[in-house]
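In listed order, ligands and their atoms are each counted from 1.
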Amino acid sequence: MSNLVEDFMDHIIAKNPGEVEFHQAVKEVAESLLPFIEANPHYKRAKILERIAEPDRVIMFRVAWIDDQGEVQINRGYRIQMNNAIGPYKGGLRFHPSVNLSILKFLAFEQVLKNSLTTLPMGGGKGGSDFDPHAKSDREVMSFCQSFMTELSKHIGADTDVPAGDIGVGGREIGYLFGQYKRLRNEFTGVLTGKSLDWGGSLMRPEATGYGQVYFAEEMLKTRGESFNGKIVIVSGSGNVAQYAAEKATLLGGKVVTLSDSSGFIYDPAGIDHDKLEYVKWLKNYERGRIREYAEKYKCQYFEGKSTPWEIPCDIALPSATQNEITEADAILLVKNGCFCVSEGANMPSTIEAINVFLKSKILFGPGKAANAGGVATSGLEMSQNSMRLSWTREEVDTRLHNIMKNIHQKCIEHGKEPDGFVNYVKGANIAGFIKVANAMINQGIM
Ligand code: NDP
Ligand code: 2IT
């Protein structure tokens, strides 16, 4: 690590003790940005990176609710409003027992640069709770969401901060959250995205992150004269992002052979085709079952206790579950087994050591803040449709999404191409995302 990065990180670590995921996200960005900032001293003088790494504000609150046994439950709620230099705070809500300040600050920090990359006017934020929606009844989820929104509603708004889904927050949760906001404020506005199509949602928002992740991979593959056609693809996760990454990869001619959840992964060498994927959607989105049931139904291998499929040989890997799911050893194994393209649907799924393996091997590596930006980009399109009080067709939204992903890819090349022709997409995404936010902050004065 260079002295520049070391000095910067000493300050971040001292100010944010114990927040290891936040340190990791900032360090990854600092490694590519600090040399760029040295070469552009107006950013250094204005201490832009130091200011981006300090949230505008952190809101933390108690969420009390009553479970089906009549017992009072207490969770903790958060909203990190990280940076609004280029638009209202925007970013998802995560409901998962692992949620803490460090995880949400890393996600909010990533979101600032990601949202800038989309070209749409959105600042960065993230929120959530340590509430675990697994094995809860719909009534319990509703009770929790109503209590959570009762406090959150004081801090958000269509022109202030627009939350959406993330892990554990899908259509059901967004519905309950929206209902409570509307009841408290007596206004029907685009305060959340990921809404149902019947009441203000955008076509293609459910598909957008996974489709965008595959569009980004497709662009990377084109730079080497390659495509998805005939390739073996492994996917981790089986939630929103994984389902639609698998769907689009299959539509483009790839053969998707794995999916996972936190209990294990399935390996189906015959390929997870359209009908099997429809079953997965039903199993995960309505039955709220486990991926093990896929293996029982389709008689394929299930690896109990292994939540990541990286040992399965593949051409393309689409990590789509959670942070730090690809370790250095996983990365070495992936490359050794012939994987030459990784497109991150999850946020920060690769550790810094894993990223270094991919970069050293010069494989195609699309970091989350570029490759998974299609989700929030389509949230931005949902906001535009809400403001105009109209809705675009599926084709129109898909075309815009596709163009945004191509554009992000192009910007990564512009800022990430190295003298030998290799594209460092990590560096490209960090610099391209940073410039717009940095210029806006300079224009708007010291704050
Ligand atoms: P979902 O809740 O729909 O699905 C999450 C999936 O990942 C589930 O299969 C879940 O398994 C698995 N998973 C979650 N946590 C862990 C863990 N700690 N270990 C192993 N498996 C885990 O979430 P999404 O699909 O929306 O999100 C997946 C990733 O994509 C996240 O990193 C999210 O931040 C990122 N992302 C999401 C966007 C969106 O629009 N939804 C946009 C951009 C990025 P189980 O059910 O067993 O917990
Ligand atoms: O990480 C992400 O970009 C998301 N969870 C989506 C955020 C959004 O506002 O749509």
Participant: Please indicate whether any nitrogen or oxygen in Lys126 is less than 3.5 Å from any nitrogen or oxygen in ligand 1.
Facilitator: no
Participant: When you measure from the heavy atoms of Gly374 to every atom of ligand 1, does any distance fall below 4.0 Å?
Facilitator: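 Judged by the 4.0 Å heavy-atom criterion, Gly374 does not count as contacting ligand 1.
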Participant: Relative to Phe61, does Lys154 satisfy both conditions: NZ or CZ under 6.0 angstrom from the six-membered ring centre, and within 45 degrees of the ring's axis?
Facilitator: no
Participant: For the residue pair Phe303 and Phe265, is the inter-centroid distance of their aromatic rings smaller than 6.0 Å?
Facilitator: yes
Participant: Using distance alone, decide if ligand 1 has a nitrogen or oxygen within less than 3.5 Å of any nitrogen or oxygen in Asn240.
Facilitator: yes
Participant: Using a distance threshold of 4.0 Å (strictly less than), state whether atom 20 (C) of ligand 1 has a protein heavy-atom neighbour.
Facilitator: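 Under the 4.0 Å cut-off, atom 20 (C) of ligand 1 does have protein heavy-atom neighbours.
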Participant: Test your reading of the model: is there a side-chain donor-acceptor pair from Glu110 to the backbone of Leu107, 3.5 Å cut-off?
Facilitator: no
Participant: Under 3.5 Å, side chain of Asn84 to main-chain N/O of Thr160, donor-acceptor pair present?
Facilitator: no
Participant: Considering Ala377, Gly168, Ala321 one by one, which has a heavy atom nearer to atom 12 (C) of ligand 1 than any of the others?
Facilitator: Ala321
Participant: Run the contact test for Gly165 against ligand 2 with a 4.0 Å cut-off on heavy atoms, strictly below, and give the result.
Facilitator: yes
Participant: Ignoring hydrogens and angles, tell me if any N or O in the side chain of Gln81 forms a donor-acceptor pair with the backbone of His155 under 3.5 Å.
Facilitator: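 Here the side-chain-to-backbone pair exists.
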Participant: Give yes or no for whether the N/O distance cutoff of 3.5 Å, strictly under, is met between Ser238 and ligand 1.
Facilitator: yes
Participant: Quick check for you: to the nearest 0.5 Å, what is the distance between Met149 atom CE and Gln180 atom CD?
Facilitator: 8.0 Å
Participant: Please work out which of Lys114, Glu110, Arg205, Lys126 has its closest non-hydrogen atom nearest to atom 6 (C) of ligand 2.
Facilitator: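 Among Lys114, Glu110, Arg205, Lys126, the closest heavy atom to atom 6 (C) of ligand 2 comes from Arg205.
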Participant: Heavy-atom contacts with Arg94 under 4.0 Å: which atoms of ligand 1 show up? List them by number with element.
Facilitator: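 This gives 31 (C), 32 (O), 33 (C), 34 (O) as the contact atoms.
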Participant: Checking salt bridge (charged side-chain N to carboxylate O under 4.0 Å, His left out) for the pair Glu219/Lys222: CA distance, chi angles, key distance, verdict?
Facilitator: CA-CA 5 Å; Glu219 292 305 304; Lys222 276 191 208 159; 2.9 Å; yes
Participant: Relative to the heavy atoms of Ala164, which atoms of ligand 2 are at a distance of less than 4.0 Å?
Facilitator: 8 (C), 9 (O), 10 (O)
Participant: Write out the residue and atom name of the closest protein heavy atom to atom 10 (O) of ligand 2, then the distance separating them to 0.1 Å.
Facilitator: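 So the nearest neighbour among protein heavy atoms is Ser379 OG, 2.5 Å.
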Participant: Taking distance alone, with N or O pairs closer than 3.5 Å, would you say Ser263 contacts ligand 1?
Facilitator: no
Participant: Does Ser320, backbone or side chain, put an N or O under 3.5 Å from an N or O of ligand 1?
Facilitator: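 For ligand 1, there is no N or O atom that lies under 3.5 Å from one belonging to Ser320.
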Participant: Answer yes or no: is there a donor N or O on one side and an acceptor on the other, between the side chain of Lys248 and the main chain of Gly212, under 3.5 Å?
Facilitator: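 Not confirmed, Lys248 side chain does not pair with Gly212 backbone.
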Participant: What is the ring orientation for Tyr279 with Tyr294, classed by angle as parallel under 30°, tilted 30 to 60°, or perpendicular over 60°?
Facilitator: tilted
Participant: Any N or O of Lys284 that comes nearer than 3.5 Å to an N or O of ligand 1?
Facilitator: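 No - when backbone and side-chain N and O of Lys284 are compared with those of ligand 1, no distance drops under 3.5 Å.
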Participant: If the cut-off is 4.0 Å to any non-hydrogen atom of Gly91, which atoms of ligand 2 fall inside it?
Facilitator: 7 (C), 9 (O)
Participant: Any nitrogen or oxygen of Arg290, main chain or side chain, under 3.5 Å from a nitrogen or oxygen of ligand 1?
Facilitator: yes
Participant: Does Asp273, at its CG atom, have more than 12 non-hydrogen atoms belonging to other residues, nucleotides or ligands within less than 6.0 Å?
Facilitator: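 Enclosed.
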Participant: For atom 9 (O) of ligand 2, find the nearest protein heavy atom and state the residue, atom name and distance (0.1 Å precision).
Facilitator: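 Answer, as residue, atom name and distance: Lys90 NZ, 2.6 Å.
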Participant: Quick check: Thr209 and ligand 1, any N/O pair under 3.5 Å apart?
Facilitator: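 Looking only at distances, the answer is yes, because the N/O contact criterion of under 3.5 Å is met.
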Participant: So for ligand 1, is Asp166 a polar contact partner (N or O within less than 3.5 Å, distance only)?
Facilitator: yes
Participant: With a 4.0 Å cut-off on heavy atoms, is His96 in contact with ligand 1?
Facilitator: yes
Participant: Can you tell me if Glu344 uses its side chain to pair, donor with acceptor, with the backbone of Gly368 under 3.5 Å?
Facilitator: yes
Participant: Starting from the C-alpha separation in whole Å, work towards a yes-or-no answer on salt bridge (charged side-chain N to carboxylate O under 4.0 Å, His left out) for Glu293 and Arg290.
Facilitator: CA-CA 6 Å; Glu293 296 167 56; Arg290 308 304 296 161; over 6 Å; no
Participant: How does Asn347 reach ligand 2, if at all, at less than 4.0 Å between non-hydrogen atoms: by side chain, backbone, both, or neither?
Facilitator: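 Asn347 to ligand 2: side-chain contact only, backbone stays beyond 4.0 Å.
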Participant: Consider only side-chain N and O atoms of Glu247 and Tyr211, and report whether a donor and an acceptor are under 3.5 Å apart.
Facilitator: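 Tyr211 and Glu247 do have a side-chain donor-acceptor pair below 3.5 Å.
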Participant: Is there a heavy atom in Glu325 that sits closer than 4.0 Å to ligand 1?
Facilitator: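 For ligand 1, residue contact (heavy atoms, under 4.0 Å) with Glu325 is absent.
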Participant: How are the rings of Phe148 and Phe95 set to each other: parallel, tilted or perpendicular (split at 30° and 60°)?
Facilitator: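 Because their plane-to-plane angle is over 60°, the rings of Phe148 and Phe95 count as perpendicular.
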Participant: Quick one: nearest non-hydrogen protein atom to atom 7 (C) of ligand 2, plus distance?
Facilitator: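 I find the closest protein heavy atom is Gly92 N, 3.5 Å.
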Participant: Looking at ligand 1, does any of its N/O atoms fall within less than 3.5 Å of an N/O of Val241?
Facilitator: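 Indeed, backbone or side chain, Val241 has an N or O that close.
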Participant: Does any N or O of ligand 2 fall below 3.5 Å from an N or O anywhere on Gln111, backbone included?
Facilitator: yes
Participant: Report the member of Gly239, Gly375, Gly91 with the shortest heavy-atom distance to atom 8 (C) of ligand 1.
Facilitator: Gly239
Participant: Over 60° means perpendicular and under 30° means parallel, so tell me whether His96 and His134 are parallel, tilted or perpendicular.
Facilitator: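 If you compare the ring of His96 with that of His134, the planes turn out perpendicular.
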